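Working notes, beginning with the structure itself.
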Amino acid sequence: MKHTFLNSIRVRIIVTVIILISAPFAILQMSNIVLVYGKLEEKTVYTTEALAVSIATNVFEYVRGAYNDSLQLSQNKEVVLGTPEGKKILERAVLQFPHFTHLYMQDMTGMQTIRAGGELANRADRWWFQKMLKDPTGFVSDAYISVNNNVLVTSIFLPMYVESDLVGIYGADLTLNSIQDQIGQYWDEDISYIVMDSKGTVLTSSDIKQGEYINYIERTKRTVLLDENGNYVLDAEGQIITNVEKIKLSDSMKTIISNALELKTQSFQFRENQDIIACAYQPINLPGTSDDWSVIVFQKQTDYASIVILTVLFLLLILLCIFITFRQINKQILSPVLRIQRDMASLAAGSMDVKIDIPEQNELGELASDINKMVASLKSHQQRLDEQEKMAALGTLVAGVAHEINTPLGIGVTTSTYMQKINHECRQALVEGKFTKQDLLEYMSTMNESLELLQFNLERGSNIIQSFKKIAVNQTSENKEVFYVKQYVQDIITSLVHEYKNTGHTIEIVCDDDLMVTSYPGAIAQILTNFIMNSLTHAFTNIENGKMLIKAFRHNESLILIYEDDGCGLKEEQKSLIFTPFYTTNKQKGGSGLGLSVVYNLVTQKLNGKIEVESEQGKGIKFSITIPLQEDSLNG
């Protein structure tokens with residue numbers, strides 16, 4: 001005891017010293033974390049804004065360069081006049097400037113006069129042509145999917161003049177792939193970006209896949225359809241067919257997209273899942289009368305956990321010291337105590353197969369040895385009580401069967417006496433010559449009725465005796481048998497019918513006729529007998545027409561046995577004590593308090609199953625028993 005006491009004091013001293021050392025350090029470290037984290041947060045927001053400005057500048061410079069190149073081409077005299085030389089100039093420009101995919105010039109009727117790439121066509125019905133006629137000012141269009149190569153493109157449209165007269169409209173299709181190539185350098189695992197036109201179409205993004213086209217205003221994602229040969233599927237007008245599906249946006253993304261499309265310049269933070277995200281958006285001002293585009297940049301903030309790594313390492317060192325200090329105490333004291341506590345809990349739950357194994361030669365070892373001796377004594381006492389309860393139940397069964405069989409045997413004796421009397425009278429009439437045909441008919445009818453009555457009662461008596469033999473043998477047998485559950489339950493009820501036949505109580509069986517199991521029928525008979533006798537003795541004290549229900553069915557590899565009655569039920573405090581030995585709710589009627597304790601032991605030990613009880617006062621009681629049916633799960 002002295003050794004244990006000293007260890008306990010030592011632990012308290014060690015813990016106190018650790019707290020005194022680590023508390024100031026932890027406070028200092030946390031203060032440092034708050035300051036550092038604040039600076040990192042400001043830096044993350046600043047870099048996000050700078051990235052948004054940088055990407056917007058890159059996109060603007062790319063589009064402006066193409067716009068200026070187009071402006072020079074649209075003012076070239078040969079191009080304006082639509083000469084063959086003008087066509088060659090356009091073709092050389094497509095080769096020289098890879099961002100151009102098609103260059104073309106329309107006259108005032110909409111008919112293309114020269115073109116680099118593709119066939120000449122009339123474009124008078126196109127929206128951009130109509131717009132240029134109304135307002136001949138150059139502009140850059142929103143993005144659309146090119147029917148020629150299935151990529152997002154935008155177009156530059158410029159007026160063409162001869163002196164002051166508008167003579168045509170210049171058009172240039174501009175690929176957007178180069179934008180991705182230029183700003184792809186900004187992407188890493190913590191940074192992502194979106195570039196949108198004024199209609200919400202994503203021009204390029206760090207997360208978009210090839211062949212996908214997303215529009216955040218419509219909240220749609222379009223995927224190009226391909227035929228079995230991998231070619232684009234076109235509609236009747238020659239346009240590429242796409243599959244459209246809806247996309248969902250978080251509330252934060254809805255706000256971000258809305259602000260970006262309104263061309264706001266702003267940055268803020270929001271939480272997405274478990275991450276804190278810094279977000280900045282920047283408008284992209286396009287030349288001419290174009291609708292401006294916008295760029296959005298997202299950046300994960302520095303993970304808070306990475307800042308506190310040193311603190312965590314320090315705490316881990318403290319925990320390591322604590323672990324080493326307590327290891328021996330845990331091995332020598334705490335672990336044996338917990339083992340004793342666990343085994344005592346099993347013992348309190350009714351398990352008598354508890355043996356506490358504490359090899360240490362100290363006070364705890366002595367305590368474990370004393371508990372083992374106590375358990376062995378209790379187990380022996382319990383076995384004697386179980387045998388007494390079994391014999392008492394068997395005695396009750398014998399007395400009941402003797403009482404029950406008295407009725408059919410009495411009727412049989414009376415019937416045979418009556419038959420003997422009728423036979424004597426008929427023989428006397430026959431000797432005296434007074435026996436008529438009518439007398440013979442009446443004699444045969446009377447004898448037939450008497451024989452039927454005699455046979456019925458003898459069969460009834462035989463059934464009672466057979467049920468008694470089966471139940472009595474099983475209750476005293478320890479062997480496992482194969483039996484039909486419903487028939488066996490019926491035999492049990494038959495052996496107990498004398499207990500309730502003069503009452504209004506009834507027993508119903510719900511079970512398949514062909515349900516056959518291998519188990520211990522004697523244990524099941526003793527369990528059901530206790531349930532039924534408890535209902536008759538305790539539950540139906542003030543009830544005239546009680547109902548008892550027995551259900552049995554197989555579930556997976558188990559037999560489920562349910563017993564219910566609609567009697568008086570139990571209070572909550574009674575329900576918690578129901579399986580306790582010697583606890584009874586009806587001492588005035590001689591209840592021993594062992595019936596349900598025996599049931600619990602039979603279920604948990606003999607049948608290796610489990611039992612549950614549900615009850616409320618005034619609402620009856622329900623026992624649910626699960627009995628495993630595997631060969632190795634039933635204890636012999």
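All figures in this text were calculated on a predicted structure; none of them were measured in a lab. The first residue in the sequence is number 1, and the count goes up from there.
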Evaluate S558 against N556 for side-chain hydrogen bond (donor to acceptor under 3.5 Å, both in side chains), listing each step before the verdict.
CA-CA 6 Å; S558 297; N556 295 332; over 6 Å; no
Is the charged tip of K131 near the ring of F139: under 6.0 Å from the six-membered ring centre and within 45° of its axis?
yes
Which atom names give the shortest non-hydrogen contact between [X] and [Y], and what distance separates them?
| X | Y | value |
| --- | --- | --- |
| Y104 | S155 | OH-OG, 4.0 Å |
| A93 | L73 | CB-CD1, 3.8 Å |
| T265 | P283 | OG1-CD, 3.3 Å |
| V80 | S74 | CG2-O, 3.1 Å |
| V94 | T101 | CG1-O, 4.3 Å |
| L166 | M160 | CD1-O, 3.5 Å |

Does a side-chain heavy-atom distance below 4.5 Å link [X] with [Y]?
| X | Y | value |
| --- | --- | --- |
| T201 | Y213 | no |
| Y144 | V153 | yes |
| I114 | I89 | no |
| L629 | R554 | yes |
| W127 | S141 | yes |
| L561 | F623 | no |
| M253 | F298 | yes |
| Y62 | L174 | yes |

Does atom CD (E212) have a neighbourhood of more than 12 heavy atoms from anything else shown, all under 6.0 Å?
yes
Within 6.0 Å of CE in M516, more than 12 heavy atoms from elsewhere
no
At what distance, to the nearest 0.5 angstrom, does [atom1] of [X] lie from [atom2] of [Y]?
| X | Y | atom1 | atom2 | value |
| --- | --- | --- | --- | --- |
| K87 | T113 | NZ | OG1 | 10.5 Å |
| S624 | E612 | OG | CD | 6.0 Å |
| S192 | Q299 | OG | CD | 9.5 Å |
| R219 | L249 | CZ | CG | 5.5 Å |
| T220 | I214 | OG1 | CD1 | 8.5 Å |

Does the pair T154 and W293 meet the rule for a side chain to side chain contact (heavy atoms under 4.5 Å, CB included), with working shown?
CA-CA 12 Å; T154 185; W293 297 348; 4.0 Å; yes
So, applying side-chain contact (heavy atoms from CB on, under 4.5 Å) with V202, which one of N215, I194, L152 is it?
I194
Among V59, I55, V53, find the residue that satisfies the side-chain contact (heavy atoms from CB on, under 4.5 Å) test when tested with T57.
V53
Determine whether a donor-acceptor pair (N or O, by modelled atom type, separation under 3.5 Å) exists between the side chain of [X] and the backbone of [Y].
| X | Y | result |
| --- | --- | --- |
| K246 | E218 | yes |
| T626 | I560 | no |
| E91 | A116 | no |
| D512 | D514 | no |
| Q106 | I169 | yes |
| D107 | T109 | yes |
| D291 | D197 | no |
| S258 | K254 | no |

Answer with yes or no whether the side chains of [Y] and [X] bring together a donor and an acceptor at under 3.5 Å.
| X | Y | value |
| --- | --- | --- |
| E78 | T83 | yes |
| D135 | T137 | yes |
| D142 | S198 | yes |

Salt bridge (Lys or Arg N to Asp or Glu O under 4.0 Å) between R92 and E85, intermediate numbers included:
CA-CA 11 Å; R92 287 196 298 270; E85 181 61 27; 3.5 Å; yes
